[in-house]
Protein chains: 2
Amino acid sequence: MQKLPNNIRFQVSGSFYLKDPESSELGKKILKHGIRMIDELGFDEFTFRKLGMEIGSNEASIYRYFESKYKFLIFLSSWYWAWMEYSLILALTNVNSPEKRLERAIALLAHEPNDNLDLEHFELEKLSRIVNSESSKSYLTKEVDEANNGGAFINYKQFVSRVSDIVKEINSRYKYPNMLISTVIEGIHLQRFFAEHLPRLTNKQKDNLYIQKFFTELVFKTIKG
Amino acid sequence: MQKLPNNIRFQVSGSFYLKDPESSELGKKILKHGIRMIDELGFDEFTFRKLGMEIGSNEASIYRYFESKYKFLIFLSSWYWAWMEYSLILALTNVNSPEKRLERAIALLAHEPNDNLDLEHFELEKLSRIVNSESSKSYLTKEVDEANNGGAFINYKQFVSRVSDIVKEINSRYKYPNMLISTVIEGIHLQRFFAEHLPRLTNKQKDNLYIQKFFTELVFKTIKG
DNA sequence: GCAAATTTAATAGTATTACTATCATGTTTG
DNA sequence: CAAACATGATAGTAATACTATTAAATTTGC
């Protein structure tokens with residue numbers, strides 16, 4: 001297990017909590033078990049009441065940390081994208097060729113993280129599954145605009161923008177870098193989901209890097225002159 | 001207004017209704033006003049009770065047509081994809097070159113239908129907005145597999161498969177036709193949504209065909225040798 | 001043209017959800 | 001050691017996603 005340098009804290013956008021959950025034991029339990037339970041039950045079946053029961057606390061106490069379960073989900077995805085941005089920066093350090101950088105960025109997105117990093121209450125593997133399959137619920141509501149104004153998608157946008165910049169470096173005349181990258185990110189999530197549940201919509205290969213290969217090829221062919 | 005030949009009925013997969021809503025006045029009202037209300041309120045805020053009030057009927061009566069509001073949504077999306085398949089067949093009639101066929105298929109997907117077709121209780125413009133922004137809720141639940149076994153996605157899969165076949169015609173060695181097309185379909189929906197709510201994730205152009213152009217270019221570059 | 005069958009409406013009820021409010025107890029801290 | 005704060009326990013509200021029951025209206029089959 002690698003340890004994170006413990007002075008690192010992500011700049012998570014907005015304030016989607018009432019009280020910083022990392023500031024107390026109860027808060028940390030909410031994060032850890034909340035992530036696990038959303039992963040197991042799905043977001044719809046997940047409730048603060050059930051979470052309270054599981055951590056030997058109660059509903060009302062959890063509401064002191066998060067105003068609603070939607071804000072909890074937004075908080076988790078923002079944290080995830082802040083983490084991904086950090087990982088991206090690490091993955092690209094000392095890589096000079098923009099092609100290689102773009103390749104690595106796509107690889108980072110396409111890989112499910114394995115939990116060999118000690119992040120305590122944030123279990124990355126589960127969290128990434130949640131963001132994969134549940135987080136579009138945080139923007140597919142009529143309240144997107146409100147959430148967006150509150151900063152819900154800043155970390156996500158920052159990530160997209162960072163990768164789009166690499167695209168521009170490779171081909172400054174390409175007109176749709178943001179669209180390409182947001183399509184790739186959501187496409188990766190969707191293809192993973194399809195692979196598991198609706199395989200006829202995919203072209204699964206033995207080689208389990210096929211999603212990464214598919215999108216890498218797509219991106220490079222698309223942006224080449 | 002064009003009239004549909006009135007002997008046409010789509011083969012809608014599965015049986016996501018208890019009683020055929022096209023067989024009665026009440027059923028037709030449920031379809032028409034249900035579509036409108038989901039479009040206006042969003043699926044989460046939409047309830048059978050509200051629908052009942054609006055059409056001067058009541059909750060219990062609606063439950064005789066649809067077991068739940070999720071099945072109602074699945075029914076609507078299946079109908080939509082059956083309709084899209086029909087439209088696709090029309091759009092491709094007498095077009096011989098596979099390149100032109102693929103181009104037209106993408107154009108069909110990228111265009112919001114204008115309601116100049118007399119489909120009575122199915123208002124296409126609203127329905128397409130629903131499928132665009134709400135229908136992933138029909139697969140982003142833990143019950144996907146069950147829904148899938150019940151045939152929920154047959155019409156969608158058929159559509160994907162039809163378009164993938166064109167890709168194969170153009171380049172039979174291309175390994176990921178289904179992935180490419182399912183990525184494009186969901187990508188179009190997402191980019192439309194982003195254009196409206198999170199424009200920084202897109203590259204909106206004055207020209208309002210930019211989504212179509214972006215995906216057309218992406219597809220053709222990707223599948224070319 | 002009328003009885004039987006079916007469809008709908010009206011009402012009520014259940015379990016659960018997503019919260020809010022209140023109050024008492026325990027813990028931290030200045 | 002008191003004041004401030006965090007938690008727990010309990011209760012309550014309005015709404016949701018249904019189900020059950022009964023009665024009225026409409027359709028249909030003969």
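Chain identifiers are assigned alphabetically (A, B, ...) following the order of the sequence lines, protein sequences preceding nucleic acid strands; residue numbering begins at 1 within each chain.
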Task: Gap between atoms CD1 and P, on I30(A) and dA6(D) respectively (whole Å) - done: 13 Å

- [ ] If a protein heavy atom is under 4.0 Å from the base, mark B; if only from the sugar-phosphate, S; if neither, -; do that for nucleotides 4-19 of chain C going 5' to 3'.
- [x] ---SBBBB-----SBB

TODO: Show your reasoning for whether side-chain contact (heavy atoms from CB on, under 4.5 Å) applies to E123(B) and L127(B).
DONE: CA-CA 6 Å; E123(B) 289 188 71; L127(B) 183 53; over 6 Å; no

Task: Heavy-atom closest contact (G187(A) atom, F215(A) atom, distance) - done: C-CZ, 3.4 Å

Open item on the list: With each end axis built from five pairs of C1' atoms, what bend angle do you get for the helix from dG1(C)-dC30(D) to dG30(C)-dC1(D)? Round to 10°.
Closed with: 20°

- [ ] Check the angle between the aromatic planes of W79(B) and F122(B) and answer parallel, tilted or perpendicular using the 30° and 60° thresholds.
- [x] parallel

- [ ] Determine, stepwise, if the pair R64(A) / I30(A) fulfils side-chain contact (heavy atoms from CB on, under 4.5 Å).
- [x] CA-CA 11 Å; R64(A) 273 186 217 104; I30(A) 292 174; over 6 Å; no

Task: Geometric class of the F46(B)/F43(B) ring pair [parallel <30°, tilted 30-60°, perpendicular >60°] - done: parallel

Open item on the list: For R192(B), I'd like to know if atom CZ has over 12 heavy atoms of other residues, nucleotides or ligands within 6.0 Å.
Closed with: yes

Open item on the list: What is the distance, to the nearest angstrom, from the NZ atom on K28(A) to the P atom on dA6(D)?
Closed with: 15 Å

Open item on the list: Contact between I211(B) and M179(A) at the side-chain level, heavy atoms closer than 4.5 Å - yes or no?
Closed with: yes

- [ ] Give a yes or no on whether R129(A) atom CZ has more than 12 heavy-atom contacts from other residues, nucleotides or ligands under 6.0 Å away.
- [x] yes

- [ ] Would you mind reading off the distance between K71(B) atom NZ and dC18(D) atom P, rounded to a whole angstrom?
- [x] 10 Å

Task: Euclidean distance, atom CE of residue M53(B) to atom P of dT16(D) [Å, nearest integer] - done: 10 Å

TODO: Quickly work out the L41(B) CG to dA15(D) C1' distance and round it to whole Å.
DONE: 15 Å

